[in-house]
K.L.:
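This is the structure, below, for whatever I ask next.
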Amino acid sequence: CSPTPMKLRDAPSACPSLWRCLPCPLAELRLDLVLSSGQSFRWWESSPGAWTGVLGDRVWTLRQDGDRLWYTVYGEEDEHKKEEERDGCPARAAKLDVAETDRILRDYFQLDVGLSALYRAWAAADPLFRKVANDFPGVRVLRQDPVECLFSFICTSNNHISRITAMIERLCQAFGRRLCCLDSRPFHAFPPLSALTGADAEARLRALGFGYRAKFVSGSARAIAEGLGTEGLCQLRTAPYAEARRVLCALPGVGAKVADCVCLLSLDKAEAVPVDTHVWHIARQRYGVALGGKSLTPRAYQEIGDFFRGLWGPRAGWAQAV
DNA sequence: GCTAGACCTGG
DNA sequence: CAGGTCTAG
């Protein structure tokens, strides 16, 4: 795989100097619940309690104990080459400095958002939330890259998680830059928009088992490339929820549900409540939301979102993640 | 506006 | 059928 194969690192004890930690109580973050809940499809439990995945074009392993979140970042396979090329300052060419990795992780998990206080408020407003909150502490919303989030969730329609995960893995392998190998397993970055706009992208995606979503992925990539661009997509972070939603829904393969997922999980729209068939079921059965139709019509979708926003407030999407 | 059906693929 | 979306009536 690589001339000098790297090993996966499970725990800080083996090689403490390669790990760092951030203070982070379990009530604020439960790695296992957050990384396996279907928000992101790029993390796997590489050994019990250790989660390995790609974030910000780097491969990381995360683990938590007590009140700390531990992490280690792996170097790129052609790091030495890079180092030589930068004759100016070889010493710091190899790794991101620790302030930077700390920042990336804090941003990804949105650790500045105090979850305990939010749980208290949701529990006070909603008896049903109170019942599940004790069993699922530390569930927070990730702040993902908008491009990765958008194309990942286009793949979720009428699909199940095991296949979605496999599809995205193949997408990255085929279109993304290879970052490094760990225990002979290659890791790839999520491809940039430009990698998905080629004339043969749709056919290649079909060959990777994307089915009818191949057209959606390549079509949305084109539409964004010719329209607002990656920057414009990212700038939706500062746009109002309604506008971000409207722009996203104009893309092929993006309906209300996918748009809300992208809004909530990558565009800072904490009020977005993605309503899938499961949530719809819960809303009717447990919350007794009165709705006219027997199916999830656009109007019913809107009403359910409004109901939960009324119940939980401006971070309804976060509460729903629990 | 709302109701069907089709749509890739795999468990 | 599966954590939808699109299209035609």
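First the proteins, then the strands, lettered A, B, ... as listed; each starts at 1. Just so you know, these numbers use all the heavy atoms, side chains as well, and skip hydrogens, waters and symmetry mates. None of the values given here were measured: they were computed from a predicted structure.
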K.L.:
Do the side chain of A:Tyr301 and the base of C:dG4 come within less than 3.5 angstrom through a donor-acceptor pair of N or O atoms?
P.N.:
no
K.L.:
Taking atom P of C:dA2 as reference, at what distance in whole Å does atom CG of A:Leu296 sit?
P.N.:
14 Å
K.L.:
Verify the contact: side-chain N or O of A:Ser162 to OP1 or OP2 of B:dG11, cut-off strictly under 4.0 Å; return yes or no.
P.N.:
no
K.L.:
Do the side-chain N and O atoms of A:Ser36 and A:Glu45 include a donor-acceptor pair separated by under 3.5 angstrom?
P.N.:
no
K.L.:
Can you tell me, in whole Å, how much space there is between the P of C:dG3 and that of B:dG5?
P.N.:
22 Å
K.L.:
Got A:Thr61 and A:Trp70 here, is their nearest side-chain heavy-atom distance under 4.5 Å?
P.N.:
no
K.L.:
Of A:Val254 and A:Thr156, whose nearest nucleotide on DNA chain C comes first from the 5' end?
P.N.:
A:Thr156
K.L.:
Mind checking if A:Gly255 touches a base, just sugar-phosphate, or nothing, with heavy atoms under 4.0 Å?
P.N.:
sugar-phosphate
K.L.:
In whole angstrom, give me the gap between the C1' atoms of B:dG11 and C:dT5.
P.N.:
22 Å
K.L.:
Looking at side-chain heavy atoms only, is the closest gap between A:Leu18 and A:Tyr74 below 4.5 Å?
P.N.:
no
K.L.:
Checking base pairs now: Watson-Crick or wobble, both atom distances under 3.5 Å. What partners B:dT9?
P.N.:
C:dA2
K.L.:
Tell me the interatomic distance from A:Phe153, atom CZ, to C:dG4, atom C1', rounded to whole angstroms.
P.N.:
13 Å
K.L.:
By the 4.0 Å heavy-atom rule, please label A:Ser37 as base, sugar-phosphate, or nothing.
P.N.:
base
K.L.:
Should A:Leu55 and A:Phe190 count as side-chain neighbours, where that means a heavy-atom distance under 4.5 Å?
P.N.:
no
K.L.:
Respond yes when some side-chain nitrogen or oxygen of A:Arg299 is under 4.0 Å from OP1 or OP2 of B:dC2, and no when none is.
P.N.:
yes
K.L.:
Just to be sure I understand the rule, does A:Val258 reach a base, reach only the sugar-phosphate, or reach nothing, if contact means heavy atoms closer than 4.0 Å?
P.N.:
sugar-phosphate
K.L.:
Grab the CG-C1' distance between A:Asn158 and B:dG10 for me, whole Å please.
P.N.:
12 Å
K.L.:
OP1 or OP2 of B:dC8 less than 4.0 angstrom from a side-chain nitrogen or oxygen of A:Arg206, does that happen here?
P.N.:
yes
K.L.:
Report yes if a side-chain nitrogen or oxygen of A:Ser157 is closer than 4.0 Å to either non-bridging phosphate oxygen (OP1 or OP2) of C:dT5; otherwise report no.
P.N.:
no
K.L.:
Please state how far atom CD1 in A:Ile168 lies from atom C1' in B:dT9, giving the value in whole angstrom units.
P.N.:
15 Å
K.L.:
Using a heavy-atom cut-off of 4.0 Å across all strands, would you classify A:Ala214 as base, sugar-phosphate, or nothing?
P.N.:
nothing
K.L.:
Could you please name the option among C:dG3, B:dG10, C:dC6 that lies closest to any side-chain atom of A:Arg163?
P.N.:
B:dG10
K.L.:
A:Tyr301 and A:Ala256: which non-hydrogen atoms are nearest, and at how many Å?
P.N.:
OH-O, 3.3 Å
K.L.:
Remember a base hit wins even if backbone is also touched, and classify A:Ile164 as base, sugar-phosphate or nothing at under 4.0 Å, heavy atoms.
P.N.:
nothing
K.L.:
Can you tell me how far P in C:dC6 sits from the matching atom in B:dG10, rounded to whole Å?
P.N.:
23 Å
K.L.:
If you look at every strand shown and take non-hydrogen atoms under 4.0 Å, does A:Leu251 touch a base, only sugar-phosphate, or nothing?
P.N.:
sugar-phosphate
K.L.:
Below 4.0 angstrom, N of the basic side chain to O of the carboxylate: do A:Arg309 and A:Glu271 qualify?
P.N.:
no
K.L.:
What is the distance from CD1 of A:Ile282 to P of C:dG3, rounded to the nearest Å?
P.N.:
13 Å
K.L.:
Using atom CZ of A:Arg213 as one end and atom C1' of B:dT9 as the other, report the distance to the nearest whole Å.
P.N.:
7 Å
K.L.:
Picking from B:dT9, C:dT5, B:dC2, which would you name as closest to the side chain of A:Pro298?
P.N.:
B:dC2
K.L.:
What's A:Pro252 touching, base or sugar-phosphate or nothing? Going by heavy atoms closer than 4.0 Å.
P.N.:
sugar-phosphate
K.L.:
Roughly how many Å is it from CG in A:Asp276 to P in C:dC1, rounded to a whole number?
P.N.:
18 Å
K.L.:
Is there a side-chain contact between A:Ile154 and A:Val254 in this structure, where contact means two heavy atoms from C-beta onward sitting under 4.5 Å apart?
P.N.:
yes
K.L.:
To the nearest Å, how far apart are A:Glu202 CD and B:dC8 C1'?
P.N.:
12 Å
